[in-house]
Amino acid sequence: MKSGQLITANELTQNIDERFDVCVVGSGAGGSPVAKELAEAGYSVVLLEEGGYYTVKDFQNTNTVDSLINLYRDAGSTVLVGKPNIVYAEGRCVGGSTTINGGMCWRTPDKILKRWKWERGLPDLTPERMESFFKRVESIIGVNPISEIARNNDSEILKRGAEKLGYKVKANLRNQLDCVGANQCITGCPTGGKQPPLLTYIPAFLKAGGTLLANTRVKQIHFSGGSVTGVTAHVIDPLTKKKKKNVRIHAKVVVTSCGAIQTPSLLMRSGYRDKAKLIGQNLFVHPNTKVIGVFEDPIYAWKGVNQAYQITEFIDEGIIMAVNFVSPGIASLAFPFYGHKLMNSIKDIYNHCVLGAALIEDTSRGRVRNLPFDQVLATYKLNQRDFDLARRATALLAEVYFAAGAKKVILPFTHLSEIHTVDEIRKIFSYPMSPIDIELLTVHIMGTCQMGANEDESVVDPFGETHRARGLFVSDASVFPTSIGVNPQETIMALATRTAFYIAENMSKYSG
Amino acid sequence: MDGKKLPDQIKKIVLALSPELAPIPADIDQATHEEFVIHEITKLIYEIPLFFRWGLFASLWLFNVLPVFSGYGFKRFISQPADKKNVYIRSWADSRHAFKRDVFKAVKGIIALVTLSHSVLWKEMGYEPQSHLEERINLRQKIINEKRTINNS
């Protein structure tokens with residue numbers, strides 16, 4: 001393979017057996033910064049991505065089903081099994097979940113870094129020490145405020161309602177350059193306004209001589225004498241889903257960045273065992289409740305950027321609220337109705353409604369396990385504290401909508417689907433409910449290879465290296481020891497950058 | 001789709017459920033819409049992991065035969081008249097058994113997602129993504145050109 005090349009399944013004509021300094025598995029928020037920084041440092045780097053490669057032009061199609069199939073793992077049907085079941089979204093394409101996210105950029109809150117420092121023995125993770133990494137990431141992906149042109153009615157409604165109640169509202173920073181509010185973020189930005197790794201880290205990686213293999217699923221990591229030696233992968237035909245070619249990469253450093261479900265799955269099926277038996281445990285997910293506000297006046301929420309603002313009044317309680325509109329097919333999943341009621345509701349209120357979500361900083365935990373036939377099972381048990389918090393968050397968001405003038409609010413509860421006045425919010429607390437009665441979704445999956453100084457309490461060390469396999473690193477949200485309560489992509493990228501610098505400074509340790 | 005097809009029985013169940021869960025206006029060609037629904041649902045279902053796909057097929061089969069065993073008539077779901085279908089569907093939607101509610105939600109979700117992704121329905125609901133997209137692409141290009149002009153001067 002030539003350096004500086006991006007190869008997809010359609011272009012590959014033979015098996016691959018090659019040697020690199022570094023092999024990075026996964027091209028999302030965790031993998032692409034590591035790959036780019038190490039390629040620019042002069043190392044030979046191969047980046048293996050399970051999903052396909054799509055461009056801005058490809059995102060200009062408005063076929064929702066094709067977008068889900070091309071860009072999401074299992075076409076978006078991934079589920080955390082539990083009470084309740086929780087649908088989660090995970091990108092599977094070059095750029096990973098950053099290609100399909102809303103682009104919100106938050107630095108890790110100081111209180112979280114302090115907690116990680118004290119509770120997990122991570123003294124380097126202070127705001128001061130992390131400053132240079134945050135700045136570097138922010139300049140590469142273009143973290144900027146949203147322009148007036150891109151703003152949208154639904155976000156303004158959220159802001160109006162919040163301000164009427166005296167709640168703090170934050171104007172979001174996003175990784176964007178001249179975003180004009182096409183509002184198709186979740187099916188890939190069709191204008192090039194959003195600046196995910198697909199348009200930033202990946203081109204820089206290729207320019208620095210890195211090699212990217214798309215449609216390539218890593219089957220196993222190999223070890224010898226306590227050190228990593230490389231990986232075996234299959235190139236998968238995107239249409240038939242059958243193996244097309246074999247890939248064998250020899251490398252003294254392997255970085256897994258497959259996300260908090262697939263990374264522990266890969267480590268476990270490769271036979272890696274940690275002393276603390278924590279791989280796959282400690283799964284937390286920032287569950288979101290979905291709340292729909294219906295208004296008399298037309299809103300056309302699909303015109304204009306999503307999540308221009310977030311309500312941060314309750315961030316210390318573990319609640320953030322925002323609005324995020326989607327195409328009719330995906331919006332229908334948020335409506336509890338069916339039949340004529342569903343179709344008439346959507347027809348009548350699609351342009352008169354606001355789709356909002358309240359994110360919860362969870363204390364509940366889940367687990368990732370491997371099943372036969374290369375399947376993965378993720379389970380998650382919503383505890384009473386988080387259910388009560390989700391209920392409160394739903395009530396708060398409903399209150400904001402009514403303050404902004406909503407005539408009706410549609411709720412995510414099995415036995416309470418609508419309320420029409422702010423006084424009816426009381427029903428959210430007075431109706432008997434249990435965790436199984438709420439509908440939740442999530443787009444943030446974290447924690448399953450937690451970081452720490454002590455091998456008895458963590459899977460990886462403070463720089464992301466596994467405690468028991470030299471040269472094997474984890475660089476994605478699975479290293480988070482705890483929930484962070486805010487959108488995680490910038491934290492993931494900053495930690496990835498830090499990991500890359502550590503690897504570069506210590507490369508002689510691995511290549512000797 | 002490389003030869004992928006829904007099993008015949010599953011296809012019949014989906015076509016019987018679709019107008020109950022996500023009915024379309026009468027002025028839209030039903031045959032074309034049915035073809036679209038089956039085509040898109042087949043694409044989606046073959047992306048789901050094997051275990052879940054088998055589970056979904058088994059659940060749909062169960063849904064179809066259970067009326068006979070649960071007091072909802074002597075015919076399978078696909079052979080029932082519309083009013084009886086409605087009552088039976090509601091028994092799953094509002095069931096006190098979480099399994100039935102979850103199966104209902106999953107099937108309803110897939111059918112509604114696909115139905116409302118059919119562009120023939122969008123005009124009536126006032127959704128025009130193509131023209132909005134073209135307008136925004138042109139707007140961004142205009143902004144970039146203006147910046148370029150300012151930088152050059």
Side-chain angles (χ1 to χ4, degrees), chain A residues 60 62-66 68-69 72-79 83-85 87 147 149 178-184 190-193 237 239-241 298 300 302-303 327-333 335 338-340 342-343 346-348 350-351 371-377 414-415 436 439, chain B residues 1-3 19-25 39-41 43-52 56 86 89-90 93-94 98 101-102 104-106 108-119 121-122 124-130 132-144 147:
Chain A
Q60 289 168 6
T62 52
N63 183 319
T64 304
V65 171
D66 283 346
L68 289 174
I69 289 171
Y72 287 71
R73 180 172 299 283
D74 302 341
S77 66
T78 38
V79 170
K83 289 181 180 179
N85 293 326
V87 172
S147 69
I149 279 175
D178 301 319
C179 169
V180 288
N183 202 2
Q184 286 189 40
T191 68
D237 185 304
L239 284 176
T240 64
K241 307 278 186 269
Y300 293 99
W302 46 276
K303 296 184 185 185
S327 64
I330 298 177
S332 71
L333 303 175
F335 285 74
Y338 63 93
H340 287 288
L342 169 68
M343 300 304 278
I346 299 235
K347 189 180 73 144
D348 294 340
Y350 186 71
N351 284 324
L371 296 178
F373 307 110
D374 203 21
Q375 306 292 306
V376 184
L377 176 68
T414 308
H415 304 297
I436 202 168
E439 238 179 75
Chain B
M1 277 193 296
D2 206 46
E20 303 298 326
L21 297 182
I24 60 168
H39 185 263
E40 298 295 281
I41 283 183
K43 272 180 359 193
L44 266 178
I45 280 183
Y46 277 93
E47 293 294 321
I48 295 172
L50 200 61
F51 282 169
F52 288 116
L56 185 62
N86 216 291
I89 287 172
R90 197 172 325 125
D94 298 339
R101 288 200 311 270
D102 285 346
F104 169 78
K105 267 189 228 168
K108 177 212 128 183
I110 292 171
I111 288 176
L113 166 71
V114 163
T115 299
L116 283 156
S117 298
H118 197 179
S119 56
L121 296 174
W122 292 348
E124 203 189 3
M125 68 176 66
Y127 177 59
E128 294 167 29
Q130 206 51 52
H132 171 65
L133 181 55
E134 279 160 18
E135 180 212 312
R136 295 293 157 136
I137 289 171
N138 292 338
L139 175 59
R140 187 163 187 270
Q141 195 52 54
K142 182 169 169 243
I143 292 170
I144 289 170
K147 278 187 175 173

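Residue numbers begin at 1 in each chain, while the letters A, B, ... track the order of the sequences.
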Asks: Would you give the length of the straight line joining atom CD of Gln60(A) to atom CD1 of Ile137(B), rounded to the nearest 0.5 angstrom?
Replies: 3.5 Å

Asks: I need the minimum non-hydrogen distance between Gln375(A) and Leu50(B), along with the two atoms involved.
Replies: OE1-N, 3.9 Å

Asks: Quick one: of Gly109(B), Pro49(B), Pro25(B), who has the most non-hydrogen atom pairs under 4.5 Å with chain A?
Replies: Pro49(B)

Asks: What part of Leu371(A) gets within 4.5 angstrom of chain B, counting heavy atoms only: side chain, backbone, both, or neither?
Replies: side chain

Asks: What option among Ala93(B), Pro129(B), Gly126(B) has the most heavy-atom pairs under 4.5 Å with chain A?
Replies: Gly126(B)

Asks: Given the options Ala22(B), Ala106(B), Ala98(B), which has more heavy-atom pairs under 4.5 Å with chain A than any of the others?
Replies: Ala22(B)

Asks: Please report the closest heavy-atom contact between Ile48(B) and Ser77(A), naming both atoms and the distance.
Replies: CG1-OG, 3.6 Å

Asks: Would you call Glu40(B) and Asn63(A) a side-chain contact if the rule is heavy atoms closer than 4.5 Å?
Replies: yes

Asks: Less than 4.5 Å apart, any side-chain heavy atom of Ile143(B) and any of Ile149(A)?
Replies: yes

Asks: Who passes side-chain hydrogen bond (donor to acceptor under 3.5 Å, both in side chains) against Lys241(A), sequence neighbours left out?
Replies: Glu47(B)

Asks: Are Thr62(A) and Trp122(B) packed together at the side-chain level, in the sense that at least one heavy-atom pair is separated by less than 4.5 angstrom?
Replies: yes

Asks: Mind ranking Arg73(A), Glu439(A), Lys83(A) by heavy-atom pairs under 4.5 Å with chain B and telling me who comes out on top?
Replies: Glu439(A)

Asks: Any chance you could lay out the side-chain contact (heavy atoms from CB on, under 4.5 Å) test for Lys43(B) and Asp66(A), step after step, and finish with the verdict?
Replies: CA-CA 9 Å; Lys43(B) 272 180 359 193; Asp66(A) 283 346; 2.6 Å; yes

Asks: Do side-chain atoms of Arg140(B) reach the backbone of Val180(A) as a donor and acceptor pair under 3.5 angstrom?
Replies: no

Asks: If you count heavy-atom pairs under 4.5 Å with chain A, which of Glu128(B), Glu135(B), Glu134(B), Gln141(B) comes out on top?
Replies: Glu128(B)

Asks: Pick one of side chain, backbone, both or neither for Asp178(A), based on which atoms fall under 4.5 Å of a heavy atom in chain B.
Replies: both

Asks: Any side-chain heavy-atom pair from Thr115(B) and Met343(A) closer than 4.5 angstrom?
Replies: yes

Asks: Which answer fits Thr78(A), side chain, backbone, both or neither, if we ask what part of it has an atom under 4.5 Å from a heavy atom of chain B?
Replies: neither

Asks: Which region of Gln184(A), side chain (C-beta onward) or backbone (N, CA, C, O), has a non-hydrogen atom less than 4.5 Å from a non-hydrogen atom of chain B, or is it both or neither?
Replies: side chain

Asks: Heavy-atom cut-off 4.5 Å, strictly under: side chain, backbone, both or neither for Ile144(B) against chain A?
Replies: side chain

Asks: Please classify the contact between Ser327(A) and chain B as side chain, backbone, both or neither, with a heavy-atom cut-off of under 4.5 Å.
Replies: both

Asks: Select one option (side chain, backbone, both, neither) describing which atoms of Asp348(A) are under 4.5 Å from chain B's heavy atoms.
Replies: neither

Asks: Please indicate whether His415(A) has more than 12 foreign heavy atoms, meaning atoms of other residues, nucleotides or ligands, lying under 6.0 Å from its NE2.
Replies: yes

Asks: For chain B, which of Thr64(A), Val65(A), Leu333(A) has the most heavy-atom pairs under 4.5 Å?
Replies: Val65(A)

Asks: Do Asn351(A) and Met125(B) come close enough that some side-chain heavy atom pair is under 4.5 Å?
Replies: no

Asks: Do you know the tightest heavy-atom contact between His132(B) and Ala182(A)?
Replies: NE2-O, 3.3 Å

Asks: Using non-hydrogen atoms and a 4.5 Å limit, figure out which bit of Tyr72(A) sits close to chain B: side chain, backbone, both or neither.
Replies: neither

Asks: Would you compute the distance between atom OH of Tyr127(B) and atom CH2 of Trp302(A) and round it to the nearest 0.5 angstrom?
Replies: 7.0 Å

Asks: Please state whether the side chain, the backbone, both or neither of Glu124(B) comes within less than 4.5 Å of a heavy atom of chain A.
Replies: both

Asks: Surrounding OH of Tyr46(B) (heavy atoms of other residues, nucleotides or ligands, distance under 6.0 Å), is the total greater than 12?
Replies: yes

Asks: Tell me, side chain or backbone of Ile330(A) under 4.5 Å from chain B's heavy atoms, or both, or neither?
Replies: both

Asks: Rounded to the nearest 0.5 Å, how far does OH of Tyr338(A) lie from CD1 of Ile89(B)?
Replies: 6.5 Å

Asks: At what distance, to the nearest 0.5 angstrom, does CG of Leu68(A) lie from OG of Ser117(B)?
Replies: 7.5 Å

Asks: Below 4.5 Å, heavy atoms only, C-beta onward: do Ile436(A) and Arg101(B) meet side chain to side chain?
Replies: yes

Asks: Measuring from Leu342(A):CG to Leu116(B):CG, what's the distance to the nearest 0.5 Å?
Replies: 6.5 Å

Asks: For Ile69(A), is it the side chain, the backbone, both, or neither that has a heavy atom closer than 4.5 Å to a heavy atom of chain B?
Replies: both

